[in-house]
2 protein chains.
Amino acid sequence: MAQKNVISLDKIKVACRDCSLSTLCLPMGLRPDDVDRLDAIVKRNRPLQRGDHLFRAGEAFRNLYVVKTGAVKTFTQTNEGDEQVVGFHLPGEVLGLDAIQDGQHGCSARALETTAICELPFDRLEDLSSNIPSLQHQMFRLLSKEISHEAEMMALLGRSTAEERVASFLISLSERFKRRGFSATDFFLSMSRQEIGSYLDLALETVSRLFTRFQDEGILKVERKHVQILDLERLNGMVVHPTNVERHHANPST
Amino acid sequence: MAQKNVISLDKIKVACRDCSLSTLCLPMGLRPDDVDRLDAIVKRNRPLQRGDHLFRAGEAFRNLYVVKTGAVKTFTQTNEGDEQVVGFHLPGEVLGLDAIQDGQHGCSARALETTAICELPFDRLEDLSSNIPSLQHQMFRLLSKEISHEAEMMALLGRSTAEERVASFLISLSERFKRRGFSATDFFLSMSRQEIGSYLDLALETVSRLFTRFQDEGILKVERKHVQILDLERLNGMVVHPTNVERHHANPST
DNA sequence: TCAGCCTTTTGACCTGAATCAAAGTAGGGA
DNA sequence: TCCCTACTTTGATTCAGGTCAAAAGGCTGA
């Protein structure tokens with residue numbers, strides 16, 4: 001039992017150079033010795049349990065965080081007191097980028113399941129970026145990618161029906177799982193209908209109804225958290241594809 | 001006449017160190033000699049006329065652009081062929097940040113009125129950032145601010161009524177004009193109801209109706225493009241204020 | 001094993017904003 | 001000057017999705 005814990009901690013504390021996420025994460029495109037310099041500033045704590053906070057809105061910003069295993073949601077509080085989900089974050093995704101700006105976190109983050117995190121002290125990351133041009137470049141790309149991603153999300157929320165939003169959400173998860181080596185068509189949702197609805201700006205009932213409908217139409221098989229995509233074609237067909245098609249054969253990351 | 005052109009071009013080509021936007025723009029917080037090094041890479045072309053493109057979606061990314069005077073909209077095309085406004089950009093605001101990621105512009109930008117632009121070749125900006133830590137820091141903040149801004153916009157689009165959106169839009173313009181030394185309560189809209197609606201994800205009729213209603217309620221005086229805010233208090237009261245109030249007395253920029 | 005709680009599903013109804021339609025209104029060009 | 005076009009306003013109608021309500025599973029812990 002103790003033995004088992006030790007092994008699992010060791011696995012979690014794997015160095016960047018040996019980490020399976022290195023093609024998704026910050027080290028992407030760095031030279032091996034630069035990866036080691038980056039690795040030297042990474043701090044790896046014990047895993048978070050479901051419900052644990054990674055950080056809270058208003059807290060001072062010190063670190064960026066990368067999800068290593070598990071899943072995290074970020075959220076803010078509306079003034080009616082209920083929470084508004086801002087994003088779901090899978091392994092290799094970086095959290096805290098919005099906080100660089102004013103030195104404090106604008107949203108809270110908590111684990112949706114048992115989750116391992118790599119912590120990067122931002123001041124040290126800045127120093128390192130000054131000395132490693134390719135890391136600076138990678139940082140710029142990372143930030144820019146976040147901007148693009150949010151712009152896409154705005155476009156989605158903006159001009160689309162409930163059907164499109166739920167379809168997009170499933171497609172996005174599917175693609176992200178696939179890139180991480182999991183099944184693109186058979187996975188478990190680590191978040192509730194409530195949280196999905198909050199994220200997509202839909203009532204939880206609407207999410208539920210669409211899952212049911214997609215199932216009735218033979219597109220999905222849904223049983224609670226377990227989702228199987230039976231007809232990815234049709235799901236893709238529901239989504240408004242960006243017209244500037246050129247972007248598609250450009251960048252195959254995150 | 002020729003004389004006048006020369007003078008106006010001279011005015012447009014003012015160096016960063018003499019530019020009134022220096023507290024809003026990239027040079028913010030740089031040492032004077034570093035501002036000059038930044039200035040050396042800035043290119044200033046002739047002003048754009050209303051309707052001129054600054055860049056188009058799909059074009060290769062080479063430069064960041066800063067609005068110097070005037071106003072620019074960014075937009076994408078939906079697959080139904082109509083344009084979707086992504087943002088309105090006032091003096092001191094930087095365009096193109098989303099394109100760093102994959103080397104091409106994800107949206108198009110065109111002038112809403114006669115507009116002067118400063119152009120920053122991104123490769124040279126990266127080099128300079130490597131050599132000037134405070135510039136690198138400024139760049140990170142700039143990118144992070146864009147992320148925060150989009151997150152706020154998502155929150156707005158997400159969870160709010162047409163009334164809240166239009167109120168927010170007016171408040172945002174008001175604050176941005178104020179920071180730039182213009183009146184916070186009396187200004188001209190450089191965009192159409194159509195464009196406002198597209199930006200806020202509302203039908204143009206809805207925007208028009210709300211302008212009318214706000215006027216009937218004594219909150220605004222609207223005559224076509226000319227807007228006067230009569231009761232900013234009440235306008236503010238319509239908007240969902242973020243609960244994490246701490247953020248407010250944090251960072252007084254853009 | 002059962003009780004209690006929480007999540008999810010399903011149904012009925014209602015409403016805010018979209019859509020459709022048409023009438024003003026301003027500005028630019030011949 | 002007047003016309004033409006584009007923008008804006010206003011009204012009538014429709015409908016997607018929210019809200020309210022209640023039932024049905026699952027899961028946890030005693």
Side-chain angles (χ1 to χ4, degrees), chain A residues 49-51 73 78 80-85 112-113 156-170 188-217 220-228 238-240, chain B residues 49-51 73 78 80-85 110 112-114 156-170 188-217 220-227 238 240:
Chain A
Q49 296 305 311
R50 175 178 169 79
K73 72 170 171 184
T78 69
E80 288 87 36
D82 37 36
E83 82 177 37
Q84 167 54 46
V85 174
L112 288 166
E113 55 190 270
L156 177 71
L157 290 186
R159 5 200 160 304
S160 59
T161 61
E163 175 184 284
E164 266 178 80
R165 294 187 201 181
V166 173
S168 281
F169 173 72
L170 289 169
F188 283 81
L189 303 174
S190 48
M191 69 295 283
S192 69
R193 303 287 188 269
Q194 171 77 263
E195 288 165 328
I196 297 170
S198 170
Y199 178 61
L200 298 177
D201 260 314
L202 296 172
L204 70 93
E205 293 94 330
T206 305
V207 176
S208 175
R209 277 185 245 271
L210 281 161
F211 278 8
T212 305
R213 213 187 82 206
F214 288 170
Q215 174 154 265
D216 292 348
E217 293 173 344
L220 297 182
K221 173 115 175 45
V222 190
E223 188 168 2
R224 300 224 127 204
K225 307 276 184 195
H226 185 197
V227 174
Q228 290 167 274
M238 290 180 175
V239 177
V240 176
Chain B
Q49 297 305 308
R50 174 178 168 79
K73 72 169 172 185
T78 68
E80 288 86 37
D82 37 35
E83 81 178 36
Q84 167 54 44
V85 174
R110 67 165 38 172
L112 288 166
E113 55 190 90
T114 304
L156 177 71
L157 290 187
R159 16 211 146 297
S160 60
T161 61
E163 176 184 284
E164 265 179 80
R165 293 186 202 183
V166 173
S168 280
F169 173 71
L170 290 168
F188 285 80
L189 302 173
S190 48
M191 67 296 283
S192 69
R193 303 287 188 266
Q194 171 78 263
E195 287 166 328
I196 297 171
S198 170
Y199 178 59
L200 298 176
D201 261 312
L202 297 171
L204 69 94
E205 293 94 330
T206 305
V207 176
S208 176
R209 276 185 244 272
L210 280 161
F211 278 8
T212 305
R213 214 187 80 205
F214 287 171
Q215 173 154 268
D216 292 347
E217 293 173 343
L220 297 182
K221 173 116 174 46
V222 191
E223 187 168 359
R224 301 222 125 207
K225 307 276 186 197
H226 185 197
V227 174
M238 290 179 174
V240 177

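The chains referred to below are lettered A, B, ... by the order of the sequence lines, with proteins before strands, and numbering in each begins at 1. From a predicted model like this one, the values you see are computed outputs, not experimental measurements.
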message = Nearest whole Å is fine: how far is D:dG11 P from B:R213 CZ?
response = 15 Å
query = With no hydrogens and no angle check, is any side-chain donor or acceptor of A:K225 less than 3.5 Å from a backbone partner on A:M191?
reply = yes
ask   = Between A:Q228 and A:K221, is there a donor-acceptor pair closer than 3.5 Å when you use the side chain of the first and the backbone of the second?
value = no
ask   = Taking only side-chain nitrogens and oxygens of A:T206, does any of them come within less than 4.0 Å of OP1 or OP2 of D:dG18?
value = yes
query = Which atom names give the shortest non-hydrogen contact between A:R224 and A:R193, and what distance separates them?
reply = O-NH2, 2.9 Å
ask   = Does A:D201 reach the side chain of A:R165, with side-chain heavy atoms less than 4.5 Å apart?
value = yes
query = Below 4.0 angstrom from OP1 or OP2 of D:dA6, is there any side-chain N or O of B:S192?
reply = no
remark   = When rounded to whole Å, the CG to P distance for the pair B:L210 and C:dG16 reads 12 Å
Protein-nucleotide distance (A:H226, atom NE2; C:dT8, atom P), rounded to Å = 15 Å
ask   = Which part of the nucleic acid does B:L202 contact within heavy-atom distance under 4.0 Å: base, sugar-phosphate only, or nothing?
value = sugar-phosphate
message = With a 4.0 Å cutoff (strictly under), does any side-chain N or O of B:R193 reach OP1 or OP2 of D:dT9?
response = yes
query = Is A:K225 near enough to C:dT7 that one of its side-chain N or O atoms lies under 4.0 angstrom from OP1 or OP2?
reply = no
ask   = Considering only D:dG25, C:dA18, D:dT8, which nucleotide approaches the side chain of B:A203 most closely?
value = C:dA18
query = Which residue lies toward the 5' end of DNA chain D, A:E223 or A:T161, if each is placed at its nearest nucleotide?
reply = A:T161
ask   = Looking only at atom types and distance, does a side-chain atom of A:T212 sit under 3.5 Å from a main-chain N or O of A:S208, one as donor and one as acceptor?
value = yes
inquiry  = When you measure from the side chain of B:R50 to the backbone of B:L112, do you find a donor-acceptor pair of N or O atoms at a distance under 3.5 Å?
reply    = yes
ask   = How close or far is atom C1' of C:dG28 from atom CZ of B:R50, stated in whole angstroms?
value = 13 Å
Gap between atoms CG and P, on A:L157 and D:dG17 respectively (whole Å) = 13 Å
ask   = Considering all heavy atoms of both residues, which atom of A:V207 and which atom of A:G197 are nearest to each other, and what is their separation?
value = CG2-CA, 3.6 Å
inquiry  = Let me spell it out: for each of B:V222 and A:A162, pick the nucleotide of DNA chain D with the closest heavy atom. Which residue's pick is nearer the 5' end?
reply    = B:V222
inquiry  = Can you tell me which nucleotide in C:dA18, D:dG26, D:dT10 comes closest to the side chain of A:R224?
reply    = D:dG26
ask   = So, the side chain of B:E217 versus the backbone of B:F214: is there a donor-acceptor pair under 3.5 Å, distance only?
value = no
inquiry  = At 10 degrees resolution, what angle do the end axes of the helix from C:dT1-D:dA30 to C:dA30-D:dT1 form when each is taken over five base pairs?
reply    = 40°
task = Give a yes/no on whether any side-chain N or O of B:T212 is located under 4.0 angstrom from OP1 or OP2 of D:dT10.
result = yes
remark   = To the nearest angstrom, the CD-P distance between B:Q194 and D:dT9 comes to 13 Å
Side-chain donor/acceptor contact of A:R209 with base of D:dG18 under 3.5 Å = no
request  = Check the distance between D:dC20's C1' and A:E205's CD and give it to me in whole angstrom.
outcome  = 9 Å
query = Whole Å only: how far is the CG atom of B:L204 from the P atom of D:dT9?
reply = 9 Å
